[in-house]
Amino acid sequence: MSTLSEVYAQYPLKVDDIIPLDFDSVVTVPDSHAWPISDGFESNDWLSIPTIDLKDPDAAKLIGHACETWGVFQVVNHDIPLNLLDEVESEARQLFSLPTTQKLKALRSPGGVTGYGLARISSFFNKFMWHEGFTIIGSPLDHARELWPNDYQKFW
């Protein structure tokens, strides 16, 4: 069985498929990011996104069904302290508010798993998604050193 790192190394992306749009520098939507208007989505469909109670004995089955049906779900009763979620959100805001040139210092390599960039799923679509992401597996210390060279100690 191959690890994620091995699979990604076997199927590297082009650098252009990794670098997100610099939202601060665009004035109009580039064609590469202009998605067609969809007629098939009703505006109230989002109300049906499943909510999974992790204390439900069938939670694993419900998660599998939600992934297959929606690709997304909301989780309740996860027992993660709210102050930890607030701290994670604060760190994410700090990361994504960095200038693009700084974020690019931690750009995921074409065959890599971790770092800054577009999700690997983006290459399956004919238009780029309007997002940026940062994948962390294991310790974020090396990326933190690249992003905050003078203030990475809190990631130890």
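Keep in mind that the numbers below use all heavy atoms, side chains included, and drop hydrogens, waters and symmetry copies.
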Could you pull out the closest heavy-atom pair between P50 and W70, with the gap in Å? CD-CD1, 3.4 Å
If you measure from OG on S90 to CG on N83, what distance do you get to the nearest 0.5 Å? 12.0 Å
Which residues satisfy the side-chain hydrogen bond (donor to acceptor under 3.5 Å, both in side chains) test with T100, sequence neighbours excluded? D22
Rounded to the nearest 0.5 Å, the CG atom of L54 sits from the CG atom of N77 at a distance of 7.5 Å
Just to verify, what does H65 make a ring-ring contact (aromatic ring centres under 6.0 Å, His included) with, not counting sequence neighbours? none
Across all chains, not counting sequence neighbours, the salt bridge (charged side-chain N to carboxylate O under 4.0 Å, His left out) partners of D142 are R145
Do you know which two heavy atoms are closest between I52 and A59, and how far apart they sit? CG2-O, 4.1 Å
Contacts of D56 that satisfy side-chain hydrogen bond (donor to acceptor under 3.5 Å, both in side chains) - sequence neighbours left out: none
Name each donor-acceptor pair under 3.5 Å that joins a side chain in residues 106-117 to protein atoms two or more places apart or in another chain, with its distance.
from : atom 1 : to   : atom 2 : distance (Å)
R108 : NH1    : L118 : O      : 3.2
R108 : NH2    : L118 : O      : 2.5
S109 : OG     : G112 : N      : 3.1
T114 : OG1    : H143 : NE2    : 3.2
Y116 : OH     : E132 : OE1    : 2.4

Sequence-distant partners of E87, salt bridge (charged side-chain N to carboxylate O under 4.0 Å, His left out), two or more places apart: none
Parallel, tilted or perpendicular for W35 and F125, by the 30°/60° rule? tilted
Please tell me whether L95 and I136 are part of a single hydrophobic cluster in this structure, the criterion being side-chain heavy atoms less than 4.5 Å apart. yes
Are any of the side-chain heavy atoms of L147 and Y152 separated by less than 4.5 Å? no
Contacts of type side-chain hydrogen bond (donor to acceptor under 3.5 Å, both in side chains), residue D58, not counting sequence neighbours: none
Approximate separation, where rounding is to 0.5 Å, of L62 CG and T51 OG1: 11.0 Å
If you link I, L, V, M, F, W and Y whenever their side-chain heavy atoms are under 4.5 Å apart, who else ends up in the same group as V88? I80, L82, L84, L85
Heavy-atom distance under 4.5 Å between the side chains of L98 and W148, does that happen here? yes
With sequence neighbours excluded, what pairs up with D31 under the side-chain hydrogen bond (donor to acceptor under 3.5 Å, both in side chains) test? K127
Salt bridge (charged side-chain N to carboxylate O under 4.0 Å, His left out): which pairs involve residues 72-82, sequence neighbours left out? K55-D79
Joint hydrophobic cluster, F128 plus I19, side-chain heavy atoms closer than 4.5 Å: no
With sequence neighbours left out, the residues meeting side-chain contact (heavy atoms from CB on, under 4.5 Å) with P99 are T101, Q102
Only pairs at least two apart or in different chains count here, so list each salt bridge (charged side-chain N to carboxylate O under 4.0 Å, His left out) that has a residue in residues 88-98. E89-R93, E91-K154
For residues F134 and K103, determine if any side-chain heavy atom of one lies less than 4.5 Å from a side-chain heavy atom of the other. no
